2 protein chains.
Amino acid sequence: MAGQTIGRIAAAADCKVQTVRYYESIGLLPEPVRSPGNQRLYGAATVERLRFIRHARALAFPIDAIRDLLSLADRPDQPCDAVDSIARTQLLEVEQRIDRLTALKTELERMIAQCSGGHIANCRVIESLGDHDLCVTDHGEEGGLGPPQR
Amino acid sequence: MAGQTIGRIAAAADCKVQTVRYYESIGLLPEPVRSPGNQRLYGAATVERLRFIRHARALAFPIDAIRDLLSLADRPDQPCDAVDSIARTQLLEVEQRIDRLTALKTELERMIAQCSGGHIANCRVIESLGDHDLCVTDHGEEGGLGPPQR
DNA sequence: CTTGCACCTGCAGTCGCTGAAGGTTCTAGC
DNA sequence: GCTAGAACCTTCAGCGACTGCAGGTGCAAG
């Protein structure tokens with residue numbers, strides 16, 4: 001088993017080749033062995049690791065949380081409280097983002113509903129954007145204010 | 001009316017001083033007049049403009065959409081269809097983000113619920129992260145895969 | 001007149017990639 | 001064996017929307 005090339009494992013994990021190299025550069029993936037011509041060659045374990053990372057990213061876990069999850073996954077005899085806690089934290093984050101976006105949705109719907117289709121001088125959308133006090137919800141910050149938590 | 005300093009208008013719009021300078025640098029705010037000592041001085045119109053921008057950002061409009069909205073707001077005699085359309089697009093984006101996050105939430109809840117509190121070797125959370133096929137929803141991409149649309 | 005805060009410019013860093021430039025290696029077909 | 005072209009290599013810059021810092025200047029109060 002000679003190992004897979006970077007292109008193959010990127011395809012297997014549905015990501016770009018550069019992304020694999022990026023993960024290696026930040027220490028999420030180990031440095032692989034190289035072919036005589038200096039090309040990276042990966043074993044099955046690294047492919048699995050990459051798929052794990054990609055799935056966690058698709059679930060919006062931040063890289064640092066994934067780093068923690070990976071080091072936990074490497075100690076199968078440990079209790080899984082820590083894993084649970086990371087996942088619960090992530091669930092909370094996602095729920096908070098949904099809540100904030102739902103407030104935005106409400107506000108946008110209200111603004112749009114008030115528009116009677118006239119001219120910009122009387123446009124409720126423009127007016128609402130100019131005056132936060134017209135808002136009914138407390139859509140605090142989502143949309144870039146503060147760290148994005150992607 | 002001598003004009004407000006940058007610190008005052010930043011406070012009035014609930015943002016950082018640097019952010020105001022940033023908006024100027026990307027052309028969202030006009031270059032203000034300067035005091036004899038080279039400090040920016042703003043009139044009431046710019047303060048309003050800044051508040052408009054901040055509110056639109058709080059509603060997650062991208063900067064480019066805000067640029068369009070501002071130039072529309074400057075032509076009060078135009079029909080407001082274009083404004084409406086930008087707002088509807090934004091509403092759609094927000095709804096799509098909510099949908100994607102809801103799928104993530106479902107998946108996270110499922111993973112967490114399956115965890116029986118044992119050891120990592122049997123941890124369902126770890127296992128689920130390693131195998132995308134265990135997912136019940138099609139949580140495509142939200143969490144950094146693709147442009148963030150903040 | 002001094003203290004200390006607010007302001008100035010310019011640049012680096014954030015997060016998680018993505019793209020491009022410019023070069024090397026591998027593989028398939030002839 | 002040879003050649004074309006795909007896939008690989010390294011390095012660096014850029015995205016969005018800010019934020020922070022360093023090193024310097026202006027200004028207002030006591």
Side-chain angles (χ1 to χ4, degrees), chain A residues 2-29 31-42 50 53-67 70 90 93 97 141-150, chain B residues 2-29 31-42 50 53-67 70 90 93 97 141-150:
Chain A
Q4 309 251 53
T5 63
I6 195 170
R8 280 182 197 286
I9 75 156
D14 193 30
C15 71
K16 308 257 163 125
V17 166
Q18 295 103 298
T19 305
V20 179
R21 288 195 283 249
Y22 169 70
Y23 289 156
E24 180 186 326
S25 79
I26 60 169
L28 275 193
L29 290 176
E31 289 188 25
V33 295
R34 301 282 184 134
S35 76
N38 198 36
Q39 301 195 342
R40 290 168 177 84
L41 290 178
Y42 296 94
L50 176 58
I53 295 167
R54 290 305 289 176
H55 192 195
R57 286 293 302 132
L59 289 164
F61 282 87
I63 292 282
D64 277 353
I66 296 173
R67 209 186 295 275
L70 282 168
Q90 179 59 15
E93 294 261 352
R97 285 173 71 184
E141 49 175 71
E142 168 82 3
L145 318 180
Q149 276 107 17
R150 318 187 339 195
Chain B
Q4 310 251 53
T5 64
I6 195 171
R8 280 183 197 285
I9 76 155
D14 195 30
C15 72
K16 308 254 165 132
V17 165
Q18 296 103 301
T19 305
V20 179
R21 287 196 283 250
Y22 169 72
Y23 289 156
E24 182 187 324
S25 80
I26 60 170
L28 275 194
L29 289 176
E31 290 188 23
V33 295
R34 300 283 185 133
S35 77
N38 198 35
Q39 300 195 339
R40 290 168 177 84
L41 291 178
Y42 297 94
L50 176 58
I53 295 167
R54 289 308 286 177
H55 192 197
R57 286 294 300 129
L59 289 164
F61 283 87
I63 291 282
D64 278 352
I66 295 173
R67 210 185 293 277
L70 282 169
Q90 179 59 17
E93 294 261 350
R97 286 174 69 183
E141 47 175 68
E142 168 83 4
L145 318 180
Q149 279 107 15
R150 321 187 335 196

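The shown structure was predicted, so the numbers you read here are calculated from the model rather than taken from an experiment. Below, read A as the first sequence line, B as the second, and so on, with proteins coming before strands; counting in each chain starts at 1.
- At whole-Å resolution of the value, CG in Leu41(A) and P in dA7(D) are 16 Å apart.
- Phosphate proximity of dC17(C) to Arg54(A): present, with a side-chain N or O under 4.0 Å from OP1 or OP2.
- OP1 or OP2 of dC17(C) has at least one side-chain nitrogen or oxygen of Arg57(A) nearer than 4.0 Å.
- Remark: Tyr23(B) is not in phosphate contact with dA17(D), judged by side-chain N or O atoms under 4.0 Å from OP1 or OP2.
- Residue Arg8(A) contributes atom CZ, which lies 15 Å from atom P of dC26(C) at whole-angstrom precision.
- Atom CZ in Arg57(A) sits 5.0 Å away from atom CD1 in Ile63(A) (nearest 0.5 Å).
- Straight-line distance from the CZ atom of Arg67(B) to the P atom of dG16(D): 10 Å, rounded to whole Å.
- Taking only side-chain atoms of Gln39(B), from C-beta outward, the nucleotide of dC8(C), dT19(D), dT18(C) with the closest atom is dC8(C).
- The closest donor-acceptor contact from the side chain of Gln90(B) to the backbone of Leu59(B) lies under 3.5 Å.
- With rounding to the nearest 0.5 Å, the separation of CD1 in Ile53(B) from NE2 in His55(B) is 13.5 Å.
- Along DNA chain D, the nucleotide nearest Asn38(B) and the nucleotide nearest Ile63(B) are compared for position; the residue whose nucleotide lies closer to the 5' end is Ile63(B).
- When distances run from any side-chain atom of Tyr22(B) to the nucleotides dG20(D), dG19(C), dA17(D), the shortest one goes to dA17(D).
- Comparing Ile53(A) and Gly37(B) by the nucleotide of DNA chain C whose heavy atom lies nearest to each, the residue mapping closer to the 5' end is Gly37(B).
- In this structure, CG of Asp14(B) is placed 11 Å from P of dT19(D), rounded to the nearest angstrom.
- For Thr19(A), taking side-chain heavy atoms from C-beta onward, the closest of the listed nucleotides dG16(C), dC9(D), dT18(C) is dT18(C).
- Note that the CG atom of Leu29(B) and the CD1 atom of Ile6(B) stand 9.0 Å from one another [nearest 0.5 Å].
- The shortest distance between side-chain heavy atoms of Tyr42(A) and Leu50(A) does not fall below 4.5 Å.
- Distance CG (Leu28(A)) to C1' (dC15(C)): 13 Å, rounded to an integer number of Å.
- Residue Ser35(A) places its side chain closer to dC26(C) than to any other of dA17(D), dG19(C), dC26(C).
- Expressed to the nearest 0.5 Å, how far CD1 of Ile9(B) lies from CZ of Arg40(B) amounts to 9.5 Å.
- When the P atom of dT11(D) is taken as reference, atom CD of Glu24(A) falls 12 Å away, rounded to whole Å.
- Distance from the side chain of Ile6(A) is smallest to dC9(D) among dC9(D), dT9(C), dC18(D).
- Remark: Arg21(A) is not in phosphate contact with dA7(D), judged by side-chain N or O atoms under 4.0 Å from OP1 or OP2.
- Remark: Thr5(B) is not in phosphate contact with dA6(C), judged by side-chain N or O atoms under 4.0 Å from OP1 or OP2.
- Between Arg40(A) and dT10(D) there is a side-chain polar atom (N or O) within less than 4.0 angstrom of OP1 or OP2.
- Rounding to whole angstrom units, CZ of residue Phe61(A) and C1' of dG16(C) are separated by 17 Å.
- OP1 or OP2 of dG19(C) lies within a sub-4.0 Å distance of a side-chain N or O belonging to Lys16(A).
- dA6(C) atom P lies 16 Å from atom CD1 of Ile9(B), rounded to whole Å.
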